[in-house]
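Structure record follows, encoded as structure tokens.
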Protein chains: 2
Amino acid sequence: MADVSMPIGVLARSAGCKIQTIRYYEGIGLLPAARRTAGSQRRYGETHRQKLAFIRHARELGFSLPAIRELLALADQRESDCAEADRIARRHLESVNRRIAMLDGLRTELELMLTHGQGNRIRDCRVIATLADHRLCSQSHHAEATDS
Amino acid sequence: MADVSMPIGVLARSAGCKIQTIRYYEGIGLLPAARRTAGSQRRYGETHRQKLAFIRHARELGFSLPAIRELLALADQRESDCAEADRIARRHLESVNRRIAMLDGLRTELELMLTHGQGNRIRDCRVIATLADHRLCSQSHHAEATDS
DNA sequence: CTAAAACCTCCAGTCATTGGAGCTTCAAGC
DNA sequence: GCTTGAAGCTCCAATGACTGGAGGTTTTAG
């Protein structure tokens, strides 16, 4: 088990992503280029597997690719300061909190729509009315929530 | 004030969106085509303003354009049964609940990263460590949440 | 050695916008 | 009525983060 050397399909399955996604990551320079066989097929080792796991995990957590790029660069400089990684995560947490707040308001609103809306004709229906008129919203939630 | 007749820029400001977005909605047939001046500039009235508000509001609430198209169609047939709008809203409520659950798990994890992580060198950094190793996650949250 | 599964590159499409080039029209002040 | 600058027009390309397909090559199991 000196070097595992798996083809792209195996790596993809292990990371739970599509083959194309891996090639895409290589293309944009997020994942270092794999070594190739004589017939120019990609072969990956443990380092790649770990790096891809890192990327996929961060993606699942909602980090953008530029953010992940930063995080990866930080992870590679093991002596440097942690504060920057913290800052990125904190910024991301804020955006997550904003999104939760927004969705929470939305849930309330949808529930309101559904409980109130028992006029069985559209003209009495709260779903349409609520969506048509912003002022009927419970709060001034749903502002902007763009992502890090 | 029989008909307000505003140009696209004014409508855009009133809806809190870009001019291009309005033209895009018209292009895909979500918003009915505006009447035009002799020099073929778009002029909008109250009906358009309301419809655009409806669309923007629904977008902020996370409805996809196809879902909004459905809702708009329902809103236009005011005599039809409310059950369909209810069904759409209910479906959406479920997806909102899923998303909230996911983001909630995510928030927990990010907070864990940040509070636990006070090694001040990267090699001890909790944020990086958590991202590198999925097993450090609190839960098996962060699955997929695609939208209606 | 053969067959089929897996790989390769390149290009196009997705969704919901956004941006820009290059031109025309509108409204206000003189 | 004329000028000027803001705002509008169309058309095309790009964004982010992939995904899908065509058409061809390589690997590997039997």
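Letters A, B, ... are given to chains in the order of the sequence lines, protein chains preceding strands, and every chain is numbered from 1. All values reported here derive from a predicted model rather than from experimental measurement.
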Checklist entry - Which atom names give the shortest non-hydrogen contact between A/A89 and B/L110, and what distance separates them? => result O-CD2, 4.3 Å
Item to check | Length of the CD1-C1' vector between B/I19 and D/dC9, whole Å | outcome: 11 Å
Next on the checklist: In whole Å, I'd like the distance from the CD atom of A/Q41 to the C1' atom of D/dT26.
Outcome noted: 5 Å
Checklist entry - Have B/S5 and B/R35 got a donor and an acceptor in their side chains that come within less than 3.5 Å? => result yes
Checklist entry - To the nearest angstrom, how far is B/R13 atom CZ from D/dA6 atom P? => result 13 Å
Checklist entry - Are A/D76 and A/K51 close enough for a salt bridge, meaning some N to O gap below 4.0 Å? => result yes
Next on the checklist: If I take atom CZ in residue B/R35 and atom C1' in nucleotide D/dC9, what distance separates them, rounded to the nearest angstrom?
Outcome noted: 17 Å
Item to check | Side-chain N,O (B/Y25) to OP1/OP2 (C/dT17) below 4.0 Å | outcome: yes
Checklist entry - Looking at B/T37, does any N or O in its side chain come under 4.0 Å of the phosphate oxygens OP1/OP2 on D/dG8? => result no
Item to check | Basic-acidic side-chain contact under 4.0 Å: A/E94, A/R91 | outcome: no
Checklist entry - Minimum heavy-atom separation for A/R59 to A/S64, with atom names? => result NH1-CA, 4.0 Å
Next on the checklist: Expressed as a whole number of angstroms, how long is the span from B/L31:CG to C/dT17:P?
Outcome noted: 12 Å
Checklist entry - What nucleotide, of C/dT25, D/dA17, C/dC8, holds the atom closest to the side chain of A/I8? => result C/dC8
Item to check | Side-chain N or O of A/R23 closer than 4.0 Å to phosphate OP1/OP2 of D/dG20 | outcome: no
Next on the checklist: When you measure from the side-chain N and O atoms of B/S40 to the phosphate of C/dT24, is any distance below 4.0 Å, counting only OP1 and OP2?
Outcome noted: no
Next on the checklist: Of the options D/dT19, D/dT27, D/dC9, whose atoms approach the side-chain atoms of A/T21 most closely?
Outcome noted: D/dT19
Item to check | Under-4.0 Å side-chain N/O to phosphate OP1/OP2 contact, B/K18 with C/dA16 | outcome: no
Checklist entry - Base, sugar-phosphate, or nothing: which does B/I28 touch, judged by heavy atoms less than 4.0 Å apart? => result nothing
Checklist entry - Which of these nucleotides, C/dT18, D/dG8, C/dC8, is closest to any side-chain atom of A/R42? => result C/dC8
Checklist entry - Roughly how many Å is it from CD1 in B/I55 to P in C/dT17, rounded to a whole number? => result 10 Å
Checklist outcome for this item: Of the candidates C/dT17, D/dC9, C/dT9, the side chain of A/R36 sits closest to C/dT9
Item to check | Nearest-nucleotide pick for B/R43, side chain only, options being C/dT18, D/dT27, C/dA27 | outcome: C/dA27
Checklist entry - Using 4.0 Å as the upper bound for N to carboxylate O, is an ion pair formed by A/E26 and A/R36? => result yes
Item to check | A/R59 side-chain N/O to D/dC18 phosphate OP1/OP2 under 4.0 Å | outcome: yes
Checklist entry - What's the OH-P distance between A/Y24 and D/dG16, to the nearest Å? => result 7 Å
Next on the checklist: Please classify the nucleic acid contact of A/R56 as base, sugar-phosphate, or nothing, using heavy-atom distances under 4.0 Å.
Outcome noted: sugar-phosphate
Next on the checklist: If you only use heavy atoms from C-beta on, which nucleotide in C/dG19, C/dA16, C/dT9 is closest to the side chain of B/L65?
Outcome noted: C/dA16
Checklist outcome for this item: From CD of B/Q20 across to C1' of D/dC11 the rounded distance in Å is 12 Å
